[in-house]
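A short write-up of the structure that comes next.
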2 protein chains.
Amino acid sequence: MSEPLDPAMFDDCGDVLGPVRIGDKWTARILVCLKDGRRRFSELRVPLRGITPKVLTESLRAAERDGFVERHAYPEIPPRVEYEITDLGRSLLGVMETTCAWTAAHLTELIRARQAYLDRTAS
Amino acid sequence: MSEPLDPAMFDDCGDVLGPVRIGDKWTARILVCLKDGRRRFSELRVPLRGITPKVLTESLRAAERDGFVERHAYPEIPPRVEYEITDLGRSLLGVMETTCAWTAAHLTELIRARQAYLDRTAS
DNA sequence: CGGTATCCACGGGGATACTG
DNA sequence: CAGTATCCCCGTGGATACCG
């Protein structure tokens with residue numbers, strides 16, 4: 001971690017896998033919703049205000065595929081499905097919260113930078 | 001940082017600013033290229049294999065706008081422009097390297113998760 | 001040298017409606 | 001309840017050509 005001088009290191013760490021859907025809109029939010037326990041499909045839709053079932057399914061499938069969540073389906077009627085965060089997912093969530101915390105900690109700097117840029121380019 | 005229970009925390013930390021272009025394809029790579037000193041436009045194009053001038057300009061402008069890089073233009077002929085990482089940009093780079101390191105550290109887990117998913121869904 | 005100008009491809013994501 | 005099925009929008013980013 002001390003010699004990462006090649007920008008190619010961000011190519012999914014060497015193109016070993018395809019894209020990992022970490023920086024997308026929903027993965028982080030889903031992991032947050034799961035951090036305190038299992039949640040059902042419909043339960044997830046509440047805090048994830050505005051997400052459509054199609055997009056939620058896509059996001060959950062991708063997270064399941066990469067091992068961030070586990071899907072538990074109970075063949076009842078009506079059907080019941082619960083999603084659970086894995087250790088890997090919890091570990092990833094920690095990294096994501098760090099990034100989020102960075103933004104929060106530097107909000108005023110970001111705002112000032114944007115204003116300064118506007119002032120500079122207003123000419 | 002211990003009570004981030006609302007997934008809305010990822011909405012750019014509250015929609016105070018517009019999108020901050022942190023998770024895009026080029027910002028991290030650019031900051032890596034600048035970490036050891038100022039670089040000129042054409043110098044950046046070398047390690048950033050394949051980037052077109054248009055996209056490099058867009059990315060640099062966004063990074064400048066958010067205060068991650070500084071642009072130093074010298075009105076000579078032929079023109080010379082140097083880009084320099086700021087303290088804020090260096091701080092962000094640290095976070096990005098952490099995320100990258102996480103992926104590297106969990107590569108085998110990711111690969112195994114994908115294979116397991118394929119095996120499960122092959123039915 | 002350090003960009004602009006145009007055009008275009010693609011994938012994430014949203015809206016709406018329907019189903020086992 | 002837990003999804004599918006369609007259709008569509010838009011932003012990132014790539015290709016190519018041109019300019020002061």
Side-chain angles (χ1 to χ4, degrees), chain A residues 7-8 10-12 15 17-30 33-34 38-66 68-84 120-121, chain B residues 7-8 10-12 15 17-30 33-34 38-66 68-84 120-121:
Chain A
F10 288 107
D11 297 357
D12 289 324
D15 291 321
L17 331 93
V20 180
R21 261 186 107 109
I22 281 181
D24 70 314
K25 180 171 181 178
W26 296 107
T27 302
R29 293 166 167 86
I30 288 173
C33 293
L34 295 178
R38 294 183 174 199
R39 295 285 180 262
R40 300 178 63 166
F41 190 87
S42 296
E43 283 182 291
L44 287 173
R45 297 195 63 186
V46 178
L48 268 26
R49 265 185 293 265
I51 197 171
T52 61
K54 182 198 122 189
V55 173
L56 180 54
T57 300
E58 285 173 357
S59 306
L60 286 171
R61 289 283 189 277
E64 191 195 356
R65 189 180 55 110
D66 286 338
F68 304 151
V69 306
E70 264 177 18
R71 182 175 184 273
H72 306 279
Y74 303 91
E76 309 165 353
I77 294 179
R80 178 166 56 99
V81 178
E82 292 179 352
Y83 292 90
E84 182 178 21
R120 243 179 293 147
T121 55
Chain B
F10 290 107
D11 297 357
D12 289 325
D15 291 321
L17 330 94
V20 181
R21 261 187 105 111
I22 280 182
D24 71 314
K25 180 170 181 178
W26 296 108
T27 302
R29 293 167 167 86
I30 288 173
C33 293
L34 294 178
R38 295 183 174 199
R39 295 284 179 265
R40 302 177 62 167
F41 191 87
S42 296
E43 283 182 292
L44 287 173
R45 297 195 63 189
V46 177
L48 267 27
R49 266 186 291 265
I51 197 171
T52 61
K54 182 199 123 190
V55 173
L56 180 54
T57 300
E58 285 172 359
S59 306
L60 286 170
R61 290 281 189 280
E64 190 197 355
R65 191 179 54 111
D66 287 338
F68 304 151
V69 306
E70 266 176 16
R71 181 175 184 275
H72 306 280
Y74 303 90
E76 310 165 351
I77 294 179
R80 179 166 56 100
V81 179
E82 292 177 354
Y83 292 91
E84 183 179 20
R120 243 178 295 144
T121 56

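All chains are named by letter (A, B, ...) in the order of the sequence lines, taking the proteins before the strands, and each is independently numbered beginning at 1. Remember, it's a predicted structure, so these values are computed and weren't measured experimentally.
Summary of the strand contacts: L60(B) and W26(A) both lie near DNA chain C, and taking for each the nucleotide with the nearest heavy atom, the more 5' one is attributed to L60(B). Annotation: of the two residues near DNA chain D, Y83(A) and S59(B), the 5′-most nearest-nucleotide partner is Y83(A).
Using a 4.0 Å cut-off, some side-chain N or O of S42(A) falls inside it from OP1 or OP2 of dA2(D). Distances shown here put every side-chain N or O of R39(B) at or beyond 4.0 Å from the OP1 or OP2 atom of dG2(C). Listed pair R71(B) / dG3(C) meets the phosphate criterion, a side-chain N or O lying under 4.0 Å from OP1 or OP2. R21(B) has no side-chain polar atom (N or O) that falls below the 4.0 Å cut-off from OP1 or OP2 of dG11(D). Of the side-chain N and O atoms in R80(A), none sit less than 4.0 angstrom from OP1 or OP2 of dG3(D). Between dC1(C) and R40(B), no contact under 4.0 Å exists linking OP1 or OP2 to a side-chain N or O.
Taken over five-pair windows at either terminus, the axes of the helix from dC1(C)-dG20(D) to dG20(C)-dC1(D) are inclined to one another by 50° (rounded to 10 degrees).
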side-chain contact (heavy atoms from CB on, under 4.5 Å) between L60(B) and L44(B): does it pass, once the steps are laid out? CA-CA 10 Å; L60(B) 286 170; L44(B) 287 173; 4.1 Å; yes
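Closest contact between the side chain of V81(A) and the listed nucleotides dG13(D), dG20(D), dG3(D) involves dG3(D).
One interatomic measurement links the two molecules: CD of E82(B) to P of dG2(C), which rounds to 9 Å at whole-angstrom precision. Rounded to an integer number of Å, the gap from L44(A) CG to dC1(D) C1' is 13 Å. Rounded to whole Å, the distance from CZ on F10(A) to P on dT12(D) is 19 Å. Taking atom CZ of residue R45(B) and atom C1' of nucleotide dT4(C), one finds them 13 Å apart after rounding to whole Å. Atom CD in E64(A) sits roughly 14 Å away from atom C1' in dG3(D) (whole-Å rounding). Atom-to-atom, CZ of F41(A) to P of dA2(D) comes out at 8 Å; the value is rounded to the nearest Å. I30(B) places its CD1 atom 10 Å from the P atom of dG13(D), with the value rounded to the nearest Å. Protein atom OH of Y74(B) is 15 Å distant from nucleotide atom C1' of dG2(C), rounded to whole Å.
Residues R71(B) and R61(B) form a side-chain contact, since some pair of their non-hydrogen atoms from C-beta on lies under 4.5 Å apart. Contact of the P53(B) side chain with the F41(B) side chain is registered, since non-hydrogen atoms from C-beta on lie closer than 4.5 Å. At least one side-chain heavy atom of E82(A) sits less than 4.5 Å from a side-chain heavy atom of Y74(A). Using a 4.5 Å heavy-atom cutoff, the side chains of R49(B) and P7(A) are not in contact.
DNA chain D lies under 4.0 Å from at least one heavy atom of each of the following residues of residues 48-58 of chain B: T52(B), K54(B), V55(B).
Side chain of R29(B) to backbone of A8(A): no donor-acceptor contact under 3.5 angstrom is found.
Atoms CD and CG, on E70(A) and L34(A) in that order, are 11.5 Å from each other to the nearest 0.5 Å. F68(A) CZ to I30(A) CD1: the interatomic distance, rounded to the nearest 0.5 Å, is 11.5 Å. Between the CD atom in E64(B) and the OG1 atom in T57(B) there is a gap of 11.0 Å [rounded to 0.5 Å].
Tested against H72(B) for a side-chain hydrogen bond (donor to acceptor under 3.5 Å, both in side chains), the candidates R40(B), R80(B), E84(B) yield a single pass: E84(B).
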